[in-house]
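Everything on this sheet refers to the single structure shown next.
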Amino acid sequence: MDVTHILEGLNEPQRQAVTAPVGNALVLAGAGSGKTRVLVHRIAWLIDAEGVSPHGVLAVTFTNKAAAEMRQRIEALLDVSVRTMWVGTFHGVAHRLLRMHWQEARLPQNFQILDADDQLRLVKRVMRALDVDEKKWPARQAVWFINGHKDEGRRAKDVVVGDDLFQITHQRIYENYEELCQQGGLVDFAELLLRSHELWLAGGDLLAHYQKRFQHMLVDEFQDTNTIQYAWLRVLAGRSAHVMVVGDDDQSIYGWRGARIENIHRYGQDFAGVQTIRLEQNYRSTGNILTAANQLISHNTDRLGKKLWTAGEAGEPIKVYSAYNDLDEARFISERTQAIIDSGGGPDDVAILYRSNAQSRVLEEALLRAQIPYRIYGGVRFFERAEIKNALSYMRLVHDRHSDPAFERVVNTPTRGIGDKTVEAIRAEARARSVSLWQACQDAVAEGKFKGRLGNRVAGFMQLVDDLAAAGEDMSLHELADFVIEASGLMEYHSKERGERGLARKENLEELVSACRQFTGELMFPLRDADVAETSALEEFLDRVALDSGEQQTDSGPAVQMMTLHSAKGLEFPVVFLAGLEEGLFPHRLSAAEPGRIEEERRLCYVGMTRAMRQLYLTYAEARRLHGNDTYNRPSRFIMEMPTELLQEIRMSTAVLRPYGIPSRQSSSLFEEPVAGGLRMGQRVNHAKFGEGVVLRYEGSGERARVQVNFAGPGAKWLMLGYANLETLD
Ligand code: ATP
Ligand code: MG
């Protein structure tokens with residue numbers, strides 16, 4: 001059989017890995033060195049040259065998208081269908097097993113998967129039943145406890161508690177939660193793996209069957225496997241399977257979720273005759289990008305150590321842009337992207353990567369304004385996120401009680417005991433009378449149609465909306481948003497969700513307040529009367545959001561890719577923007593306390609940089625409004641850790657002069673250059689009507705000069721310098 005085409009486009013060490021004798025092998029190599037490519041070619045090789053049936057292959061990837069791609073590439077190489085091959089994520093494969101073997105797994109056939117929301121709700125129910133005080137023992141923490149133990153392969157009965165009250169309490173919750181799930185046929189994410197691992201441990205025919213079947217297993221991104229995944233793999237492999245794993249310790253970024261880099265060492269000990277292959281040539285990035293990334297990661301101490309070089313050209317320097325604030329940063333990125341498109345590049349050549357989801361909104365708005373198509377990968381667009389839609393629904397009801405979609409969305413969010421049946425009855429009533437859901441409710445309450453406590457609950461909801469509206473009458477748009485989010489209970493409801501998710505939802509809600517504040521600022525400019533009625537600001541805001549979400553977001557066609565650094569793993573793009581390189585944001589403030597976490601953040605930065613093929617931009621903002629607060633951060637230490645000679649600073653195109661210099665600049669001297677009219681960036685000023693504020697930005701000159709001032713009360717506003725009569729303070 002002619003197998004030469006499978007070896008085409010591979011360098012020597014890659015070939016060695018692809019054609020290695022059937023057995024266990026570890027490919028340990030840096031970013032962009034062809035690990036994933038090796039895995040694909042290895043599978044093709046096994047099938048074509050070693051005569052392995054696709055049926056006997058199990059390949060584990062990091063995302064479902066990667067799995068689909070892998071299948072396609074193998075089919076392209078082989079020209080045969082590999083439908084019977086199992087390719088998927090650990091969770092996907094475990095889920096499939098449980099669906100096939102629900103009986104052996106002691107699950108009902110129609111078992112239901114719990115997402116994080118559902119899980120949290122269930123845990124709360126358990127806690128209430130156990131009379132555990134949620135103020136003392138937050139439900140989120142209990143969820144962490146449960147999932148953490150599941151990820152380590154421990155059932156409630158296996159948790160060693162001793163006489164520690166924390167352990168005892170949580171163990172009890174875990175135990176009862178476990179029982180409730182079992183009764184209801186409910187399976188959370190961690191349970192998928194734990195339960196299918198137990199399928200293996202039960203041994204018997206089932207395990208024997210799959211051990212016989214999957215004689216060839218391959219795992220990509222091995223550095224991010226956790227304990228239960230590793231154990232799962234090991235049992236399944238048994239004594240006879242051949243396991244090839246590929247990974248890069250420098251790209252381990254899921255330690256916070258239980259991933260264990262040590263699995264790389266364990267693999268070498270637990271599996272027989274492991275051949276280790278190193279790949280050192282990078283094919284993805286220019287020399288400059290690679291050198292800078294290598295230098296950055298060399299600041300980590302705990303490394304296996306790898307060489308990485310490229311035969312490609314040095315390419316352009318890495319460009320660093322220091323923005324005044326997040327808006328300026330977004331503007332810069334969208335302008336540069338436009339320039340790339342104008343010079344013949346596709347929007348899909350460009351990726352914008354960020355540390356935190358909350359950063360995306362300002363970036364999205366800049367792209368929308370510039371009419372550049374974009375897509376958020378592995379996430380939902382800001383205004384389409386559940387928590388944001390909930391908040392907007394309350395705001396919509398404040399504005400218009402008769403909006404049925406808004407009503408439907410929040411009548412029982414946060415949960416207030418108005419169940420599906422009730423909502424269905426309201427719907428029927430509204431249909432019959434041809435009135436809005438709100439109207440139908442109002443009538444039903446008046447006519448006493450709801451039985452018992454239900455009537456109070458429905459009336460309570462309506463009262464809440466009326467109260468929000470009444471209180472909001474004297475508020476500006478952002479105050480209203482803030483008030484609605486708190487008073488509706490949404491903030492409390494969402495921020496209780498597990499770990500990062502809850503934090504992200506909370507941050508997003510705060511970000512909505514920022515969006516409103518900024519929107520008001522824009523409304524005021526340029527010639528709008530400052531006394532525009534705020535109700536109409538609300539209306540305009542809601543319309544703008546509706547329009548924004550209806551347009552642009554094309555599912556087809558080339559688009560700029562936006563995603564968090566975590567979801568960029570394994571991908572590559574000609575041009576990459578890394579946004580928000582600021583201390584506190586990236587590295588994230590939560591990581592500051594633990595040295596291990598800083599190293600993980602640095603690996604995350606390394607992952608981000610090494611996504612770039614030709615051009616890499618690093619941007620940071622001196623002032624950023626995030627989660628509703630203005631912060632002034634220093635540039636990220638990661639920028640300082642790159643070779644200065646490879647960095648090129650980009651200057652502002654506007655008329656404003658600013659001092660610049662990495663890394664010598666002190667944050668206190670950020671705003672020293674005068675701009676005009678005796679004002680500086682950061683200058684504190686007083687306005688007759690708006691009160692005290694700080695100068696954020698300055699544009700134009702002479703009669704058309706205008707400044708953006710962030711006022712303590714009304715927020716950011718653009719003012720014509722000639723008319724504003726600003727009084728300078730300090
Ligand atoms: P990461 O660590 O980011 O997951 P990786 O090690 O998996 O990266 P790949 O994605 O497999 O690397 O390869 C990086 C890029 O280099 C891809 O565009 C791939 O097609 C290309 N490439 C890999 N090996 C070769 C080769 N021998 N010749 C030409 N191009 C190659
Ligand atoms: Mg890869």
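Sequence positions, counted from 1, serve as the residue numbers for this chain. Because only heavy atoms are used, hydrogens play no part in the values below, and waters and symmetry mates are left out as well, while side chains stay in. For ligands, and for the atoms within them, numbers begin at 1 and follow the listed sequence.
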Check: Quick one: does Q281 get within less than 4.0 Å of ligand 1, heavy atoms only?
Finding: no

Note to self: Ignoring hydrogens and geometry beyond distance, is a side-chain donor-acceptor pair present between T227 and E152 at under 3.5 Å?
What the structure shows: yes

Notebook entry, point to check: Under 4.0 Å from any heavy atom of N11, which atoms of ligand 1 are there?
Noted result: 27 (N)

Checklist line | Atoms in ligand 1 with a heavy atom of G34 nearer than 4.0 Å | finding: 5 (P), 6 (O), 9 (P), 11 (O), 12 (O), 13 (O), 23 (C)

Note to self: Do D349 and M613 have side chains that approach each other closer than 4.5 Å (heavy atoms only, starting at C-beta)?
What the structure shows: no

Checklist line | Check: G570 N/O within less than 3.5 Å of ligand 1 N/O | finding: no

Checklist line | Taking atom 15 (C) of ligand 1 as the reference point, the nearest protein heavy atom with its distance | finding: E572 OE1, 3.3 Å

Check: With no hydrogens and no angle check, do the side chains of N263 and T225 hold a donor and an acceptor under 3.5 Å apart?
Finding: yes

Notebook entry, point to check: Which residue and non-hydrogen atom of the protein lie closest to atom 2 (O) of ligand 1, and at what distance in Å?
Noted result: K35 NZ, 2.6 Å

Next item on the list: Please state whether L10 comes within less than 4.0 angstrom of ligand 1, counting heavy atoms only.
Entry: yes

Notebook entry, point to check: With a 4.0 Å cut-off on heavy atoms, does T610 reach ligand 1?
Noted result: no

Margin query: When you compare the side chains of S334 and T337, does any donor N or O come within less than 3.5 Å of an acceptor on the partner?
Written below: no

Next item on the list: Could you tell me the residue and atom name of the protein heavy atom closest to atom 10 (O) of ligand 1, and the distance to it rounded to 0.1 Å?
Entry: R284 NH2, 3.1 Å

Check: Can you find a side-chain donor-acceptor pair between S240 and Q215 that sits under 3.5 Å?
Finding: yes

Check: Quick one: which ligand 1 atoms are inside 4.0 Å of a heavy atom on G30?
Finding: 6 (O)

Check: With side chains defined as the heavy atoms from C-beta onward, is the minimum distance between V576 and Q615 less than 4.5 Å?
Finding: no

Next item on the list: Looking only at protein heavy atoms, identify the closest one to atom 11 (O) of ligand 1 and say how far it is in Å.
Entry: R37 N, 2.9 Å

Margin query: Looking only at side-chain N and O atoms, does Q14 offer a donor or acceptor that is under 3.5 Å from a partner on E12?
Written below: no

Next item on the list: Starting from atom 21 (C) of ligand 1, locate the nearest protein heavy atom and write down its residue, its atom name and how far away it is, to 0.1 Å.
Entry: Y283 CB, 3.7 Å

Notebook entry, point to check: Between N226 and Y254, is any side-chain donor less than 3.5 angstrom from a side-chain acceptor?
Noted result: no

Notebook entry, point to check: Just checking, is any N or O donor in the side chain of T36 or D220 under 3.5 Å from an acceptor N or O on the other one?
Noted result: yes

Checklist line | Atoms of ligand 1, numbered as shown, that sit under 4.0 Å from any heavy atom of G9 | finding: 26 (C), 27 (N), 28 (N)

Item checked: Heavy atom of the protein closest to atom 27 (N) of ligand 1 (residue, atom name, distance) -> Q14 OE1, 2.8 Å

Checklist line | R611 neighbourhood, listing ligand 1 atoms whose heavy-atom distance to it stays under 4.0 Å | finding: 3 (O)

Notebook entry, point to check: Is a side-chain donor-acceptor pair under 3.5 Å present for N11 with Y283?
Noted result: yes

